[in-house]
Amino acid sequence: MKLWSGRFTVGTDALAEEFNDSLPFDKAMYKQDIAGSIAHCAMLGKCGIIPASDSDKICAELRKLSSDIDEGKTDITGAEDIHSFVENELVSRIGDVAKKLHTARSRNDQVATDLRLFVRDGIDDIVALLRSLVSVLAQRARKETNTVMPAYTHMQKAQPTTLAHYLCAYCNMFLRDVDRFTDCRKRVNVMPLGSGACVATTFPIDREYTARLLDFDGITQNSLDGVSDRDFVIEYLAAAAQTAVHLSRINEEFVYWSGEEFSFISLPDEFSTGSSIMPQKKNPDVNELLRGKSGRIVGGLVSMLTVMKGLPLAYNKDMQEDKEAVFDVQKTLSLCLRVFTEFMKKAEFDRDSMRTASTGGYSCATECADHLAANGMPFRTAHEITGKIVRYCIENGKTLQQLTVDEFKSFSPLFDDGITTAVQAQSAVARRTVIGGCAPQEVERQLDIIEKALKSL
Ligand code: ARG
């Protein structure tokens with residue numbers, strides 16, 4: 001039964017109905033819809049808008065309906081959307097009294113409320129998953145504060161760092177994601193119910209009461225805005241897109257790190273796949289998918305920004321498009337986070353390959369220039385001289401570490417005996433003790449901060 005059949009003489013065209021219906025996807029928020037209805041109905045009873053006995057009866061049946069769906073005893077089918085389904089089901093179970101449930105409410109404020117509840121639950125889920133991921137990354141980083149590896153700029157070896165420093169960078173990114181979701185949750189957790197179709201209601205409802213029952217932090221202050229605001233969806237999708245981009249970046253690293261040319265990481269058998277033709281292959285399919293899934297998550301954000309950009313006030317059916325974006329992003333991102341956290345527990349890093357790679361590409365040249373600058377030479381001049389030393393090395397097939405003190409001194413008298421140690425990758429790392437640097441004790445300090453942040457979540 002349609003919720004609005006009274007005005008119509010002929011039924012909806014079958015194709016138009018299929019096009020219009022949202023039940024096939026919005027059934028995913030049946031729990032939120034029923035919870036919202038229970039709170040609304042309890043408020044109607046408390047305010048004397050419907051008799052308390054009717055309110056009790058409706059609420060009891062709504063609870064029963066929720067558990068019947070949970071247990072698979074009731075299928076969600078045969079209605080336009082989840083709101084119609086719940087109401088129809090209620091009428092068929094307890095008769096006409098159920099028709100009082102929709103007093104002082106519209107599907108417009110109802111759907112906005114349901115989606116806020118769904119997004120709020122989604123955020124809590126994602127924050128918990130991010131927390132587990134950062135904690136695994138931090139645990140792994142603790143063991144790698146002395147694992148020297150190259151840091152890259154322009155994807156070329158730049159300066160030595162450590163694997164721990166690298167992993168901590170991603171911890172910081174994922175902690176910012178937590179921040180973003182948590183901040184966004186404040187604006188999600190505001191209740192629009194009571195906005196009615198667009199200009200609220202004449203019934204003496206108590207919105208604050210309903211909001212308390214649903215654990216909202218507050219209520220919206222303008223009914224036109226209440227029913228038509230989807231900023232909270234866009235913000236949530238933007239936070240999700242940012243997290244997906246972070247996941248994509250770290251997995252891009254792991255894709256190339258797993259190649260023979262790098263050999264920085266060995267993929268766990270449980271998280272890689274083979275080739276149907278090349279028997280030797282072990283492919284980083286999981287990492288590639290973690291990179292690729294960012295496409296659909298970013299797509300969700302772009303899709304909602306586009307849907308909203310031309311919409312006049314107040315509710316427009318275009319907004320029904322919000323749900324598939326939210327449901328898909330929630331499902332995809334939470335799966336990605338779970339998979340990646342398990343991957344991170346099992347991945348094996350090849351410390352020797354990293355160490356060997358860390359001195360290549362003259363990545364300790366900055367140490368050489370810094371050595372001269374520390375001994376009084378203007379840095380720009382030191383940079384120039386070091387450039388000449390690198391050219392000398394290239395022409396003579398030597399590394400910086402193979403040069404003797406005398407060879408260094410032939411370029412400048414400001415070199416002292418300490419130069420041969422200074423150009424070692426390990427010492428380049430150890431001397432970067434400034435805040436944010438890669439020295440082992442400094443990264444330990446960064447890890448302390450990360451662990452403290454995790455504890456406060
Ligand atoms: N399925 C609709 C949606 O998701 C519910 C609201 C319907 N309201 C309306 N005025 N047609 O937006």
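Just so we're clear, the structure is a prediction, and the values are computed from it rather than from any experiment. One-based numbering, in listed order, for ligands and for the atoms of each.
Here the side chains of Leu289 and Asp285 are not in contact, with every heavy-atom distance at 4.5 Å or above. Residues Val148 and Met354 fail the side-chain proximity criterion, which asks for heavy atoms closer than 4.5 Å.
Judged purely by atom type and a 3.5 angstrom limit, Lys293 has no side-chain atom pairing as donor or acceptor with the backbone of Cys336. Remark: the backbone N or O of Phe264 is not paired with any side-chain donor or acceptor of Asp350 at under 3.5 angstrom. The closest donor-acceptor contact from the side chain of Arg176 to the backbone of Cys171 lies at 3.5 Å or more, if one exists at all.
When the salt bridge (Lys or Arg N to Asp or Glu O under 4.0 Å) test is applied to Lys346, no partner is found at least two apart in sequence or on another chain.
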May I have every N or O pair linking ligand 1 to the protein at under 3.5 Å, one per line with atom names and distance?
unit_1: ligand 1; atom_1: 1 (N); unit_2: Ser22; atom_2: OG; d: 3.0
unit_1: ligand 1; atom_1: 1 (N); unit_2: Asp81; atom_2: OD2; d: 3.4
unit_1: ligand 1; atom_1: 1 (N); unit_2: Gln320; atom_2: OE1; d: 2.7
unit_1: ligand 1; atom_1: 4 (O); unit_2: Lys323; atom_2: NZ; d: 2.7
unit_1: ligand 1; atom_1: 8 (N); unit_2: Asn108; atom_2: OD1; d: 3.0
unit_1: ligand 1; atom_1: 10 (N); unit_2: Asn108; atom_2: OD1; d: 3.0
unit_1: ligand 1; atom_1: 12 (O); unit_2: Tyr315; atom_2: OH; d: 2.4

